[in-house]
Structure formats: C-alpha cells, structure tokens
Amino acid sequence: MVKVFERPKALADVPTHYCPGCTHGIIHRLIAEVIDELGIVDKTIGVAPVGCAVLAYNYFTCDMQQAAHGRAPAVATGIKRVCPDSAVFTYQGDGDLASIGCAEIVHAAARSEQITTIFVNNGIYGMTGGQMAPTTLPGDKTTTSPYGRDTSKQGFPIRISEMLATLDGPAYIARVSVHNVANIVRARKAIKKAFEYQLAGKGFTLVEILSTCPTNWGITPIEALNKVKSEMLPYFPLGEIKDIEAGEKK
Amino acid sequence: MVKVFERPKALADVPTHYCPGCTHGIIHRLIAEVIDELGIVDKTIGVAPVGCAVLAYNYFTCDMQQAAHGRAPAVATGIKRVCPDSAVFTYQGDGDLASIGCAEIVHAAARSEQITTIFVNNGIYGMTGGQMAPTTLPGDKTTTSPYGRDTSKQGFPIRISEMLATLDGPAYIARVSVHNVANIVRARKAIKKAFEYQLAGKGFTLVEILSTCPTNWGITPIEALNKVKSEMLPYFPLGEIKDIEAGEKK
Amino acid sequence: MGKVTFTEERCKGCELCTTVCPVKIVVMADKINSKGFRPATVSDMKKCIACAACARICPDAVIEVEK
Amino acid sequence: MGKVTFTEERCKGCELCTTVCPVKIVVMADKINSKGFRPATVSDMKKCIACAACARICPDAVIEVEK
Amino acid sequence: MGERILMKGNEAIGEAAIKAGCRFFFGYPITPQNELPEYMSRRMPQVDGTFVQAESEIAAINMVYGAAGAGARAMTSSSSPGISLKQEGISYIAGAELPAVIVNIVRGGPGLGGIQPGQGDYFQSVKGGGHGDYRLIVLAPANLQEAVDLVTEAFDLADYYRNPVLILGDGLLGQMMEPVEFKATKLRELPAKEWATNGLRNHGGKTNIINSLVLDPHGLEEHNIRLQEKYARIVEAEQKAEIVDCDDAELAIVAYGSTARIAKTAVTQLRQEGLKVGLIRPISLWPFPVKDFEKVIPTVKSFLTVEMSAGQMVEDVRLTVNGCKPVYFYGRMGGIVPAPEEIAAQVREILGGAK
Amino acid sequence: MGERILMKGNEAIGEAAIKAGCRFFFGYPITPQNELPEYMSRRMPQVDGTFVQAESEIAAINMVYGAAGAGARAMTSSSSPGISLKQEGISYIAGAELPAVIVNIVRGGPGLGGIQPGQGDYFQSVKGGGHGDYRLIVLAPANLQEAVDLVTEAFDLADYYRNPVLILGDGLLGQMMEPVEFKATKLRELPAKEWATNGLRNHGGKTNIINSLVLDPHGLEEHNIRLQEKYARIVEAEQKAEIVDCDDAELAIVAYGSTARIAKTAVTQLRQEGLKVGLIRPISLWPFPVKDFEKVIPTVKSFLTVEMSAGQMVEDVRLTVNGCKPVYFYGRMGGIVPAPEEIAAQVREILGGAK
Amino acid sequence: MILDVIMAGFGGQGVMLMGQLLTYAGMVDNKQVSWMPAYGPEMRGGTANCTVIVSDAPVGSPVVSEPKAVIAMNLPSLDKFEPLVKPGGVLIYNSSLIHRAPTRTDVRLIAIPANEIAAELGNTRVANMVMLGALLAATEAVSTSAVEAALKKALPAHRQDLLPLNLEAIARGRELVK
Amino acid sequence: MILDVIMAGFGGQGVMLMGQLLTYAGMVDNKQVSWMPAYGPEMRGGTANCTVIVSDAPVGSPVVSEPKAVIAMNLPSLDKFEPLVKPGGVLIYNSSLIHRAPTRTDVRLIAIPANEIAAELGNTRVANMVMLGALLAATEAVSTSAVEAALKKALPAHRQDLLPLNLEAIARGRELVK
Ligand SMILES: Cc1ncc(C[n+]2csc(CCOP(=O)(O)OP(=O)(O)O)c2C)c(N)n1
Ligand SMILES: Cc1ncc(C[n+]2csc(CCOP(=O)(O)OP(=O)(O)O)c2C)c(N)n1
Ligand code: SF4
Ligand code: SF4
Ligand code: SF4
Ligand code: SF4
Ligand code: SF4
Ligand code: SF4
Ligand SMILES: [Mg+2]
Ligand SMILES: [Mg+2]
C-alpha cells in the first residue's frame, strides 16, 4: 500500500491547543504541506502572531519567532532583510492583522517586502474570548457587540485583500476558504503560489483564508463551516485579487 | 467698492511659520473659507497633527486640539463622540496620516466616523527636514532616500484615497490640488462638500490635497507648483474617488 | 481499496470528517478517548476509495490514508 | 476696475501671485520688508480686473481684492 | 445604591465608572481585563453612553485624549503590554493636563509574558513609563469595594487636578467576584471645564486649545514648573494608605493591591502566633504615602515589602525609610500569587534572624 | 581608524554602529535625532547594509526584534515620544532576550514637548518604561568620543548578555560636532548565536524559537528568575562611572551625559575658587554605579545631583547614599541647558549653608 | 473562615454557576465571600474550576492552595484537586462519571452519583445542584434560605419555573450526605 | 579656554560652514573643539547660528551664554547677540548689511563690510570667509596653516580651485583688523 495522505513533516508531531473543529488546524497543515512540497523547511522562518495561533511556534518544525500583537509584518521584515534567501511567513488573525496591525501590513505590502502573509479571517477575536473583529459581519453578536454589530457606531467590515490590492507593492493577493475539501485544495494552491512568488523575489504575497471559530461563534464545527459558506462568502468573495503575473483580477 | 476677496474670519489674524510659497497656507485659508461660508466656526473643532502644520492650532479661530503624531483620527473620534453636533476635522500630513497613522485613518474610515480629514500630501516629511514619506515618488531624492527612492527596497508610494475608497465606511473621498487657481477653487468645493456631508451625518469624509514643500524639495515655490502638476498628478490622479451620493467614480 | 488510519488520541471529535466522505463510512465511535473526546472512525473500511477527503478536512491531522 | 491691497509685512516674497495675474500687473517690489522678504506689489492698479486670482493663490492671505 | 451586588472585578470597575458619570469608554481586548470593555459594550448603550472598540490601545488612549479634551469623563483599560503601547498617549494627556482614568489589570511580564496576575508594572505606573517629567495619580485597590470607591475618586481627582489617574489592579482583582456597594460620594467641589474644546458656542466664543507642545524652551520650562507645582500639591493632599496593627509592630509588611489582602491574612496568622507584625498598605502608589510611613518609622523595627514582582515598590519604601531601618523584600513573579503561609514564613525568618 | 574626524553626534553614533558591525538599521524621523537615520540611509548601502525607514517607531523596534532574532546586529534610534511608542517592543526584546541597541536622543517633554535637549526620560530608561520586570543596560555618553566608544561597547554587551542596550543621549549630544576617533576595541569573547532563527540549515536542523510567552506561571516565574540572575551578573560586572576630584571633596556633584560635561566646567571653576568639589559621573545608568559611590560616600560630605529634569536620577543617588549624607538636587527642564555658572552657584549656596 | 472550596469539572457542567450560587448565598447570609475563576486561554475544551470562600472575616487571598472542600465533577478534576484538600476536609466527587475511588484517607470522602440523580429528576443539567446540595450538607456553610434566595436571583425571569427542580436537586444532594 | 564664539546670520550666508571651518582648524591645531548648531523647526527662512569653542582643556558645555566673540552677519543677529558678548570680548558685524552701530562700549567692535569685499573678490558667497578672517585676526584662536588645512578638507574635490579665493577672502578680513 502507498501513502495517499499523511501528516506533513513541517507540522510538528504534537497535539494543538485549538478547539475541536477549529480550522486554524487545517490552515496549519496546508502551510506545512507547502513547506514540505517546496522542500524549504530548513530555510523557512515563520512568525507567530498574538491570537489563538500564538503557539504556532510549537507547531511548525521550521524556525519560528513570536511577534507582538499586530507586528508580525515588521518582525518578518527584520528577519527577511537579514536572511534574504529564506522563506519568511507571518501567520496572523483578523484582530492581529486588520485591527492593531493595520499599519504594519499596509506598509509591508507597500514596501513589497518579500514575505508571505497567511491571514486567517474568522471574523472574531478568538483567543480573548470572542470580541468583535474588524471583519465581523454586520449584525453579528460578539462579546463587544452584544446587540449585534451596528455599522453606524461600530463601522463596516474591512476587506483587507481588496484594500491591499490597491497598492503597487503586492505581487499576489488571494482570498480562499477552507469550508470544504474543494476549497481546501484551492487554499493550498494559493499558499503554494504565494511561497513560490516569494522565493522568486516577485514581492509581497498574502493569502486571506476564511476560517471558523466554533467556540466563540457559539455553534458546532459543522455549522461553522456552513456559516462561512452562507454568510462570509457573500461579504468576502473568494479569488485571486491581485496577481502581478496575470494583471488584476476579481 | 465691495470686497471681492478678503481674509476669512476663521483664519486667525497672525502670520504663519510656513516657508515662503508653502501651500499649507493656501489649504489653511480654504478650510477657513469653508468654515466661514457654512457659518460653523462656533461648532467646529479642529485637530492639528504633528508635522509642519503642528501649530495649526494657532491659525484657526475655532476650538483646536493638538494630536500625537498620526493619531488625529483617534483624537477626532473622541471629540466627535462627545460632541456629535459639532464639525470635527483633522489636518494631517502624509507622514502623519499615511505612515505612522495608517491604522488610525483606515479605522476611522471603516467606522465611518463622522469627521472630515484634510490630508495634505506633499510627498515628504516637511517638519523634520525632508525625509522620505510613503507618498514620495519613485526615484525622488530625500534625506532618507539619498540615492532616490528605490522601490525595490523602499517600497511604492501609497495612494491613500484609492485605498480608503475600498472601504464601506467613507461617504466622500476626493483628491484635489492647489497648484493653480482653477484647482484651488475645486479644492475649496471638495472641502465644502466634505464638511456638508459630515454635517448631514453621511459618514467619514476625506479630501487629499496635493501640496508643495519648496524648502525640502529644494526648488522655488513656482517650480514646486510645476512639480505637482508634471510629476505628482500622473501618480496621484485628481477627482472624486468616492461619493456615496453618486456611486464610485474615478 | 483504501485504508484510513486515525491517530485516535489526537481526535477532538469535531465530526468534520464525517461530513465529507463520499461513501459515508466515517462515523463517530462509541467511546471516549483519554482527552475526553468521542473520536471518529470508519464503519466499513472496504468501501473506502482513498480519496483523502476526510484527511484533508481534519483540523488535527488525525487521519492518514493509504491505497 | 479692481483694487488689490497687500498686507506687506505678511508677504514672504514667494512670487506665486506674480504667476497668475491675467493682466500681469503683480510684480515683486524693490524693497525688503521687516521680515527680510521682498514683498509683492501691483505695478499698474488701473489694469486690475479684480479676478482675485492673486489672492487665491497667496499662501499667506496677504492680498485683499475690492471692486 | 446601597444594595450589595455580587460582581466580577472588571465589571464592578466598569459599573463604578458609569455611576461616576463616565459616558465614554474606549478599549481594546486583552486578558485579563476583557470583561471591562465587554461590560461597557453592554451597558453604555443603556445609559446613552459611548463604547468604542478602538483598533488598538494606542487609538484608544488617543480617543480618550480627544474625548477628555472635549470635556467628557472618559476612560480606557488594558493590561500590561497594552498599557505599554499607551505610554506616548499618557505622556500627552499628562502634558496637556487632561483628566482621564486609565485602568491596568496587570499580568505577568515581560513581553507577551503570561495572563496570570502580576505587579511588575509598578515602575511604569509611578515613575512614568512615558517620556518626560510627568506624574500619574496611581491608585491600587485591594478588594472590589475599594476598587469601586477608588474609581469614583479617580474621576474626581482627575477633574480636580486636570491630571490622568491610573487604577492599578491585577488579574486577581479583575477576575474575582465579591459583593460591592455603589455609594454616592462627593468629596470635592469640581471646577467647571472652561478649557474644554467643545465648540466656541459652549464657552463664550474664546478659542480653546488642547496642546502639549511648547517650542520655546523657557515656555516649556515654565509649563513644567507649573506641572511640578501641581504634583507637589497632590503629594501634599492625596496620600492614602491603610495601616494595620503597626502600633507595637516589630516588623511591618508593606504590600499593595491583591498582595496586600494576602499579607493581611499572614498578619492575622502571625499575630495569633504572638508575633508583633503589622501591615502598611499604600493605596495611593503615587503620591507614595510617605506621611503614613513617617508615623510608623520611629517605632517599627524593620520592613518587609512583598510584591508580585522582582522588587519595584520596595525602592519607594527604601527611599521613604531612607536607611533608618532595614527594608527586606519578598517577591513572586510570572503570575504566581504568594500564599499567606509563604509571607508568614518570610516574616518568621526575619524576626528569628533579628532576635 | 586612528584618525580624528570632526562629526556631528548623531552621525558619529551611526558610524560607530557601522564600525561595530551593525548592518541593520530601522528608524523613523524625529528631531533631534534625524541625522542618525539620514546618515544610515547614506552609509548602509555603501557597506552592503540595510536601512529601512519604518512606518513608525513601533514598526522599527519590531523590525529590530526580527532582525536581532535572526542573529544580526540591529539598531534603532528615536527621541522621547518615539521611544515611548517602543516600550512594548522593548519589553518583548528584553523578554525574548535579544541583543539590540536602541538610541534615545532625548528632548523636552512631556507630550509633544519641545525639541531642545532634555534628560526627562531617565526613569523610563532605567526603571522600565515597558511592562514587567526587565532591565535595559543604559549607557550615557557625555561627549562624542565616549558616544562612539559606548556604541561599540553597547553591541558587545548586547551580544554578551543577550540583552537590549539603550544609549541615552540628548539633543546636545546629537547635534554638536566634536572630533572623534574610531578605535578597534575587543573586550570580550562573544558567544556564537546558536539560538538565532536564520533557518535550520544554518544551525544544525534543530528548530530555534524566539519567544517571550510562557503561559504556565511557574514556567514564567522561572524565566523571570533566570532574567533576574542575569541582571545580577550585569550589576556585578558592568558598572561604569567617572570620578573626578572626589578624594578631598566636601561636595560631589552627580550628573550624567551632557549635564556632566557642564558640571565638570563648574567643578573646575569652583576648585579655582578653592572650594573642595568633585564630580561623580555615572556612565552606566543601569546598572547604577553603586560601587563607585561606595568609594566616595565615606569621605564626601554631601551630594548635589544636577539633571535636565525635575529630578529622576536623584532617586537612584538617594537609594545609593541611603540616608548617610544629604543629597541635594538642581534641575532645569523644557530644553534649558544649565550653565556652569548656575551649577557653581548652587554649590556655593549649599557649601555656604553647610558652613 | 467558614469554608473555602474548589469546584471543578468539564466546561459545560455548570461549576462556575454553582460557585457563584454558593457565593451569593453566603452574601445573603451576611458573610464575607469571594469567587475566583481559574482563567486562561486554554479554558475552552478543558476543565473549568473556581474557588469560593465564605468567611466571617474579610477574605484575604481569593485563591487557596489547601481548600477545606473540593467538588470534583469529573476525573481530571479529581486527579488534579484530590491532593490539595486540607487534611480533615471534605472531597465530594461525582461517582456517575468518576469510576476510580479517591485514595486520600485523611479527608471525608463523599461519592454522589450526580448525573444519575439529575437524570432521575428529569434534567441532567442539575447535576451541579445535586453536588452543591451535598456540599451544603457536609459543611453547613450557608443557610437553606440563602441558597433559595440565591437561586431565585440567578434564574432569569423566564426561567423561574426551574426553581423547584433546582431546589429538589439540592435537597437530593443533601439527603445523600445526611 | 581660548575662544568661544557665536556666529549668526541668514540661512544662506554660510555661518554653519564658517563655524565648522574654525572648529576643524582648531582640531588641526590639536585643540579641544566643539561646534553646536542652534536647531529648531523654524530654522528655515529664519536666522541660523552656531557656537564654536576652541580650548586647551576638554570642552564643557558646547553652548555658551556669554561668548567671548560674536560674528553677526545681519541685523537680526546683531540684535539678538550683541547683548550677550562677554565684557572685554569682541563683536564683529557685517557693516555691508547692518546699518546701525552697536551700542556696547565694553567690548571691541569691529565693522567689516563683508559683502562688499566679497563682491570685490568676485564672489559674494565668500563674505563669511571675510568675517572669519577678521575673527582670526582679532582672536588668534587658530593658526593660519590650520585654517588652510581646514579649507582644503572642506572643499569638495571638484571645488579645490576655490581655495585661493577663500584664502584671499580670509586674508582681506584679517587685514581689516590689523
Ligand atoms: C498589545 C496587545 N493587545 C491585546 C492583546 C490581547 N489579544 C490577544 S489575542 C487578541 C486578538 C486575537 O484575535 P485574532 O487576531 O483575530 O486571532 P484569533 O484568535 O481569532 O485567531 C488580542 C486582542 C495582546 N496580547 N497584546
Ligand atoms: C511619535 C513621533 N514620531 C516622530 C515625530 C517627528 N515628526 C514630526 S513631524 C513628522 C513628519 C511630518 O511629515 P508630514 O506628516 O508629511 O507633514 P509635513 O511636515 O510634510 O506637512 C515627524 C516624523 C514625532 N513628533 N512624534
Ligand atoms: S477560540 Fe476560536 S479561533 Fe481560537 S482555537 Fe477556539 S475555535 Fe479556534
Ligand atoms: S518645510 Fe515644507 S511643508 Fe514645511 S512649511 Fe516649509 S515648505 Fe511647507
Ligand atoms: S479516504 Fe475518502 S472514502 Fe476513505 S474514509 Fe476518507 S473520505 Fe471516506
Ligand atoms: S475531523 Fe479529525 S478531529 Fe475531527 S472528528 Fe474527524 S478525525 Fe477527529
Ligand atoms: S485681482 Fe486679478 S487682475 Fe487684479 S492684481 Fe490680482 S490677479 Fe491681477
Ligand atoms: S503670493 Fe502672497 S506671500 Fe507670495 S509673494 Fe505674493 S503676496 Fe507675497
Ligand atoms: Mg480572529
Ligand atoms: Mg508631508
């Protein structure tokens, strides 16, 4: 018998602390698969955020740094400038990247920093117990939008990928999802392309991944995948939003 | 004889510290003219940035706050939430708004904070003596891009107006210029529209104004206006970039 | 014919794998693992077509697939 | 016929006003004000059409225009 | 009011702020203070107040600057790393002399550290984590009732002196539940906010300016001298401490906040053993309660400072005792809360050694 | 090397860093340190180094974290408000034990303050403006030659102890020109950076992790204990001070940085008048040069601390003198640089009063 | 000190609420009380616990290292907290879910088949109340009327009909200890 | 102390460079030297000034409140710095641009028509060198050869042809004082 599917080597052989059914786990595995496939584990340096993925430094077998909340792109800039031949990636949640770290991601993108950002958009602050994120959908209840996100006081969700795509710096920006197997396969392709572009020195790359937080959404993992499909997708359309090899797409 | 043109009342009757020919002065006057015309000096609160316009609090006759570098939109948020019936504006340079204050402006826009931002884009850090700004044109020499801005290391200029226009929050975003009289008149109209939208509660408004820095550009004021026209306009196209009353334009 | 192996102790019982099997053989077991979760298992291995859908959606890399 | 008045002490001699006058009567004076700048002035007021272009471009609100 | 309500610390602080008339809260999530912004997000809309989840702690403190400058009672809260981010803003608020209340529910540091209770931010709070010569009034409640009372007091002090006030709590205080009572207190006449930038129409047409920039060094020195004079008035008038059983004490434990309530248990145990031990509990960390120390220094033979840190407040104790008596230190770090027994053991060792 | 070159302070610091092997500079403009990033933007490309103008001081310090974590000699600089913004990042760097050099060219505060020289950031520098129990090694040069020498030393100390080092200058030091000489010095064997995250291929395949999070409080306490042990080693080994004319001194002026060079002129003047006055100039502000003080405390009768602040280092002087001798203070603020005559006058008054 | 107790169990077993009820009851009885949760980022999915103190004197530390009583709703909780009970104290464990016997000999051991009794009462969610009943019987820390008052307060307006069920559960727990 | 001097003028008059030259010359002469600019956000358009110290002993404060010498290149500078000159010191002012006489009687006053002399030499930009020459003659702070060395160093490679002109200007300044 041959192995059709096995745990990637770049994923450390330890259990994770993620809640049951949390798609952070899928995304971790996809990154590890890409690192394995490209054979770059010995020259990859990952940057863990502050967020549920803060312990990501325990889950990848490449070198890792843990960054201050929102500052992963700056930390990655420091690393990449020192190690220009490495593959440097940041792994960031929507609170981390779109809220407190907004300036850092915009400027890493504008500088066309040669890094890959994996942006895990689950529309909530998972780690701190379910507060509103910049990407929380209008009307959604969270612990800091207890009456539902009121856009007149609490603003509108930010579409980070579209926003960054207005810049000249990024080489590749895609929004993908992991709510079913077909999309997981597509997500993996996007991550791979992002790493390949980085290795080819094409510029800044970012893959936004729609993800779940069953715990703080207060629903089951299966229901959570359905919510991604039925509620998040309409607001956050999937696709390659910028690809310098292909011109702008939508 | 009748007065065809006189110093607006909202502009304090004091000399400014701006260099000869610096268009910060024109922009100040336009804001004051709009405040006069709308008759709102007694309910306007302005926020001065850190930048050459730091002393703006001395130049307007309305109430003023001086904000930490880049944080004017947050300060304005605080003011506006306390005084919802007032007209609150921030006056910010490109270093202040597009660099250190990038998160604050994105989020004020996303929240659709009911304020008006006057964004003075002169492509340089005027106050600190001519360092590179996020809007410095590729190839331009500044004291921190002494060999000319190298986009491969120092990134690409950010088009703030286009970037913010991807958000659902803003009601009005326009880019204008003050390099000649016709454009000065247009700039005034845009500022007025922004204030009117704010007063009508339509949402966040921003007017980006291309401006000069003869001192740090190292050219005469007249040459500086020409540089705006010939070099900045191609990179920063003028127009109403977002107007919720009219749909998106370009 | 395929063969799937579960690292049962790592399973968190999220049930996602049960939703994607084209031949509907991934089910929840009738036991609790040492972490207190009800792990997933395969009801009828012979039917497995080794498509790896279950493995791909598992957030905890619990599943290995052979053919 | 228009009339333009310069608050001469506020003029910084930037010369911007001299570039916009449709009748080309705004010129730099042959003196230095107390701030050390050469102020602008009007060479032939009779020609002024009170268009206020000079006033509009002046960064220092030096110019008032009457008609 | 008058009723005792069982509340979580973070929520009790929030409710106390609302009772004190605070209608503007700007915050950002961070453990272990999350229940405070969460509570405000529920309560503020009910009282016509404003809750804004800012994009960051920096934005939050600058929103407080704007709101306080416009004349409102405004507040923000965070925990250690988030408070570090606010340092520039705090220095601005102090420089511009704005009244505001800041809550720090301290966790273990440095860096990302941990999320269990800590007291490692004492230096940052009382010496100035930000730049320049400024002072925060720093109040450290030891239980929830005191937290509630001090929040009220904090808003009054802030308005009275036009100075930011920091409530220094910790994860223990933030997370625990205790009964509290919301009392209506009024200690001072507060000046009208004639300086507020809320539009000329609201203050007689004179332009108001909120600012901390003074380019002329002589002007800036004068501004600083005025600030220092104000700080001297605060030092004179606002020292607060609790002294327990110090009259005949051979040794006084010095502790603040959660550590102090544990130390109190230790004192009770030690007294039962017949050891003459007292407690000095600074309530105002700045101004440091020097006057209270002066009362006990003549009679107490030694001091043991206990902190959940490597030793920070102990410096102020040493400065106050100024070499007259030995000052010992016992600290736990990383989120470890010392047990009463541990503290008692330290005391026994010192007293044993002293005999 | 060996040649004396006339340079501006900010530029001399930059060149010294480059000579020390620093190839990564991340900065953001702010007066009065602008010439430092500007110099780096010119020089780094010439030496195959990297200059990045970060989007903010926060980004800059976090770039330093990343670069230092990857094993490079990295540096950032700013002035007071910008340094306040870096406090979270500094706490992280200290917590993750990364070697890095940070330069603060202090100006007048608080808030936006002014841009003339100040020393109001002493507390922030030595007590920890960030959260948690951590320490920076803080070095305060009094002239440009010393600035150059201390920058070299700073990089070595940082690497040796895996600890951030802060160079505390001020606008005077940053803006003035003096001749400097770049000497090749090598005081210590430095350990290899086996912990650097520069890719497994560069360090034998074991995963390296740069981190300051320890969720288990016992683990975090252990981490803190290790840090404190390191700090104790630094306190033991790295105190630096200059003592001038203290042998027979009735009064010793205590001053650091620019103020110390002015105080030195005052000492010369006073000695000419026949007054027995000396100077203690702390060079390492943390660790505070307690050992040097101990040498003079037995004989010197009183101390006068002079600072461009409302009185910050004077607390460490008091802690060191511990009540044995009177400690006086004289300070100017807002960017005013005290003149030697002013300082001399203070001394005369004290000595007159003492007689 | 009248009582300090650690209550522990799975996330959904209602240990936090049980603790708050006891705390509130103590308050009704005019005692000094405190409730302290164990908090952490890993609380989800894992076990939850809280510490309650009911006392005559002001509460010192709201966390205790040697509680007089422990309620263990599941095995991990028993494993973790059994060693901590103060000698002479009481350890109450949920024998419906815990199939190993505690090994301590210096404390009072009380096995309560809480889930089964709750199921008998028709609602497995009141297992925590059964345990609380046992604790009340074993320690007499607070009065019955205070618990009733606390329960009334804790139940939202539209759930007041659950009051009898909860009181019944507490009573059943009590009985098993007498 | 050999000399402390404040040099002041309009932005374009080269006072900063003049100060640096003197400083460099002092260094060549193996003196202790320092140069300190007045810096501020308003420097543009306004006046510029710097303080130079040449000394035998290490330089204390690089800023001085009572300089031994002042060079005033324009009227605002004279207005600002005339009062500061130390009694017995020297005040050198540019009589080409300054048409009022200084009022101090306790210092040596030297009027230098710097712009006119520079114009005579064919380049108004060397007015600063004329003033420097006057200062050197009045104070003898540094040697002529040191100034020459400093000038060589200061002029960029493609401007070394300006050396004679600058030396000439200095010489003319010197002459006016002798
Ligand atoms: C400076 C700072 N502010 C706030 C926090 C608290 N904090 C930790 S994680 C987090 C947000 C996590 O949300 P997100 O980035 O969306 O990640 P998720 O957990 O949802 O994956 C916050 C605010 C912190 N650690 N540091
Ligand atoms: C936190 C902080 N960082 C840096 C500075 C220094 N600083 C003052 S103004 C300025 C930039 C000014 O540029 P811009 O915003 O473009 O305004 P301009 O002067 O060009 O109008 C900077 C970096 C500061 N005062 N505070
Ligand atoms: S809290 Fe949400 S995002 Fe975090 S691990 Fe749990 S499910 Fe995932
Ligand atoms: S420095 Fe530039 S932006 Fe600033 S006032 Fe002068 S010309 Fe204007
Ligand atoms: S590999 Fe495919 S067929 Fe086999 S169990 Fe998994 S999902 Fe079902
Ligand atoms: S998807 Fe994985 S973790 Fe979830 S039930 Fe299936 S095997 Fe278990
Ligand atoms: S008003 Fe018009 S015509 Fe008259 S001087 Fe000005 S620009 Fe010329
Ligand atoms: S535009 Fe104004 S400041 Fe400029 S020269 Fe004309 S009048 Fe003077
Ligand atoms: Mg999230
Ligand atoms: Mg600018």
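In the text below, chain A, chain B and the rest are named by the order of the sequence lines, each starting its count at 1. Quantities reported herein were computed from a predicted structural model and do not represent experimental measurements.
At a 4.5 Å heavy-atom cutoff, the contact between F/Phe26 and chain A is made by side-chain atoms alone. Neither the backbone nor the side chain of F/Val64 comes within contact range of chain A; no heavy atoms are under 4.5 Å apart. F/Ala196 touches chain A through its backbone: at least one of N, CA, C or O sits under 4.5 Å from a heavy atom, while the side chain does not.
Judged by distance alone, with hydrogens and angles left aside, the side-chain atoms of A/Thr23 form a donor-acceptor pair with the main-chain N or O of A/Thr212 at under 3.5 Å.
Proximity of the aromatic rings of A/Tyr91 and A/His24 is defined here by a centroid distance below 6.0 angstrom, and this criterion is met. Aromatic pair F/Tyr39/F/Phe51: centroids not less than 6.0 angstrom apart.
Between F/Leu220 and F/Val214, the shortest heavy-atom distance links the atoms N-CG1, 3.3 Å.
Annotation: maximal heavy-atom pairing with chain F below 4.5 Å, among A/Ile40, A/Val41, A/Ile45, occurs at A/Ile45. Taking F/Ala74, F/Ala96, F/Gly69 one by one and counting their heavy-atom pairs under 4.5 Å with chain A, the maximum is reached by F/Gly69. Across F/Ala72, F/Ala68, F/Ala70, the residue that shares the most heavy-atom pairs under 4.5 angstrom with chain A is F/Ala70. Your options are A/Leu55, A/Thr61, A/Thr77, A/Val106, and the one with the most heavy-atom pairs under 4.5 Å with chain F is A/Thr61. The greatest number of non-hydrogen atom pairs below 4.5 Å with chain A, out of F/Ala59, F/Gly71, F/Gly66, F/Ala67, is found for F/Gly66.
Under the 3.5 Å distance criterion, with hydrogens and angles disregarded, a donor-acceptor pair is assigned to the side chains of A/Gln131 and A/Thr128.
Atoms OH and CD1, from A/Tyr59 and A/Ile31 in turn, are 13.5 Å apart once rounded to the nearest 0.5 Å.
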